[in-house]
Amino acid sequence: MEVTEAMWWENFYHAALNQLALFRITDVIDILAVSYLVYKALKFIRETRTMRLLKGVVLLIVITQLSYFFQLNTLYYILSNVLQLGLIALLIVFQPELRRVLEHVGRTSMGKWFNSKGEFDAEAMQMIREVSKGAQAMANSHTGALIVIENEDNIDTLISSGIKVHAETTSELLENIFVPNTPLHDGAVVIRDNKVELATCVLPLSQNPNIRQELGTRHRAGIGISEESDAVVIIVSEETGKISIAYKGVLDTGYHEDSLRDRIIELLNSSGLTQNTSEGKFSLKNLTKRGKEE
């Protein structure tokens, strides 16, 4: 009897320890999962216009609670009824952002630019070389250009107009498209699946108030499409001949052919600006300090 009781207590002790260890592991996993989701949500809010909208919603909730506390019955009645429709309103207001989140979630772990070994395939590398070569040639001749390399986010809903080209990407083709006073020069070129898919595309202009007023429409459009997607945007200034990249709302300037090629590869192979390879990276907050560019 004593042996059986001792064995029972030993088994109970081990079972309790195992259960405690299991609880600790699941708790850690739970905390890490929630922390990751909160981090991604805060990052998403910071990178989009959601922050301003969120501030407005929080302010509305605070005013509603204050009106209840100070017994402002009419104001509280109006605001409380407005908040009841808040969920539907938020779904409508945040529809572009929610769509973008779902697109990110639905992505495969392998980018469309890579082969099974995680390396750029030959076609993608050729496209990048031709874009870099063409951008340098247009910079030398001060030919303005706006080239959008679609990454994983589909940008069809962000662009308007556009003439279908669907041609192999070559530096000569890009140079001919952006020759002034030709039918296709006005607007942006969209490269999709390594091919020049569309030309004369109209892009959304950035509404960031920190952008210097003298910065031209071409740069504002490049920044604008980069704010709403993960596209890599190459901009050649007609006035200065400088080559810039817009990515996730950040304008990075001072490139030449080799550094441009390396930077495009880096951005298509990453989820953010992690390294500076150009001569002069500056964020939107510092755009007011730069000179006029078209």
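What you see below is based on every heavy atom in this structure, not just the backbone, and it leaves out hydrogens, waters and symmetry mates.
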>> Testing the basics here: between A188 and L203, what is the closest heavy-atom pair and its distance to 0.1 Å?
In response: CB-CD1, 3.7 Å
>> Please report the interatomic distance CD1(I78) to CG(N73), rounded to the nearest 0.5 Å.
In response: 11.5 Å
> Can you find a heavy atom in the side chain of L268 that is under 4.5 Å from one in the side chain of I128?
Replying inline: yes
> Can you list every pair that meets ring-ring contact (aromatic ring centres under 6.0 Å, His included) and has a residue in residues 132-180, with sequence neighbours left out?
Replying inline: none
> Testing I147, L173, T170 for side chain to side chain contact (heavy atoms under 4.5 Å, CB included) with V196, which one passes?
Replying inline: L173
> Between atom CG of D262 and atom CD of E257, what is the distance when rounded to the nearest 0.5 Å?
Replying inline: 10.5 Å
> Is there a donor-acceptor pair under 3.5 Å between the side chain of D193 and the backbone N or O of K195?
Replying inline: no
>> Any heavy-atom pair between the side chains of I211 and L251 that's under 4.5 Å?
In response: no
> What pair of heavy atoms forms the shortest contact from P180 to H185, and how long is it?
Replying inline: CA-CD2, 3.9 Å
> Looking at N154 and D156, what are the two nearest heavy atoms and their distance?
Replying inline: OD1-N, 2.9 Å
> Roughly how far apart are L66 CG and I61 CD1, rounded to 0.5 Å?
Replying inline: 12.0 Å
>> What verdict does the side-chain contact (heavy atoms from CB on, under 4.5 Å) test give for V148 and I159, after you've listed the backbone C-alpha separation in whole Å, the side-chain angles of each residue and the deciding distance to 0.1 Å?
In response: CA-CA 11 Å; V148 181; I159 60 178; over 6 Å; no
>> Assess the residue pair I264 and I234 against the criterion (side-chain contact (heavy atoms from CB on, under 4.5 Å)); give the C-alpha distance rounded to whole Å, side-chain angles, the decisive distance to 0.1 Å, and a yes or no.
In response: CA-CA 9 Å; I264 295 173; I234 296 90; 4.0 Å; yes
> Once you round to the nearest 0.5 Å, how far does CD of E228 lie from OG1 of T157?
Replying inline: 9.0 Å
>> Measuring only between side-chain heavy atoms, which start at C-beta, is L198 closer than 4.5 Å to K164?
In response: yes
> Within the side chain of T169, is there an N or O that forms a donor-acceptor pair under 3.5 Å with the backbone of V131?
Replying inline: no
> If two hydrophobic side chains count as joined below 4.5 Å and joins carry through other members, does L205 share a cluster with V233?
Replying inline: no
> Does a side-chain N-to-carboxylate-O contact under 4.0 Å join E130 and K133?
Replying inline: no
>> Tell me the closest heavy-atom pair linking L260 and A135, and the distance in Å.
In response: CD2-CB, 3.6 Å
>> Please say yes or no: joined through hydrophobic side-chain contacts below 4.5 Å, possibly via intermediate residues, are I31 and Y39 part of one cluster?
In response: no
>> Test of understanding: with side chain to side chain contact (heavy atoms under 4.5 Å, CB included), list the residues that count as partners of A139, not counting sequence neighbours.
In response: Q136, V236, I243
> Is L60 reachable from V62 through a run of I, L, V, M, F, W or Y residues, each pair having side-chain heavy atoms under 4.5 Å apart?
Replying inline: yes
> Counting distance only, does the side-chain N/O of S229 pair as donor-acceptor with the main-chain N or O of S226 below 3.5 Å?
Replying inline: no
>> So, taking the atom named SG in C201 and the one named CG in L184, what distance separates them when rounded to the nearest 0.5 Å?
In response: 10.0 Å
>> Checking one residue: Y76. Which other hydrophobic residues are in its cluster under the side-chain 4.5 Å linking rule?
In response: Y68
> Closest heavy-atom contact between N194 and A124?
Replying inline: OD1-CA, 3.3 Å
> Does the pair E150 and E197 meet the rule for a side-chain contact (heavy atoms from CB on, under 4.5 Å), with working shown?
Replying inline: CA-CA 10 Å; E150 186 182 69; E197 189 68 21; over 6 Å; no
> Is there a path of hydrophobic side-chain contacts, each under 4.5 Å between heavy atoms of I, L, V, M, F, W or Y residues, that connects I155 with V202?
Replying inline: no
> Which pair of heavy atoms, one from S244 and one from T253, lies closest together, and at what distance?
Replying inline: OG-OG1, 2.9 Å
>> When you measure from the side chain of D230 to the backbone of E152, do you find a donor-acceptor pair of N or O atoms at a distance under 3.5 Å?
In response: yes
> How many angstroms lie between atom CG of D186 and atom CZ of R218, to the nearest 0.5 angstrom?
Replying inline: 8.5 Å
> Going by heavy atoms in the side chains, are S259 and R263 under 4.5 Å from each other?
Replying inline: no
>> I want to check something: taking the side chain as every heavy atom from C-beta on, are I225 and P204 in contact at a cut-off of under 4.5 Å?
In response: yes
>> With clusters defined by side-chain heavy atoms of hydrophobic residues (ILVMFWY) lying less than 4.5 Å apart, directly or transitively, does V179 cluster with M138?
In response: no
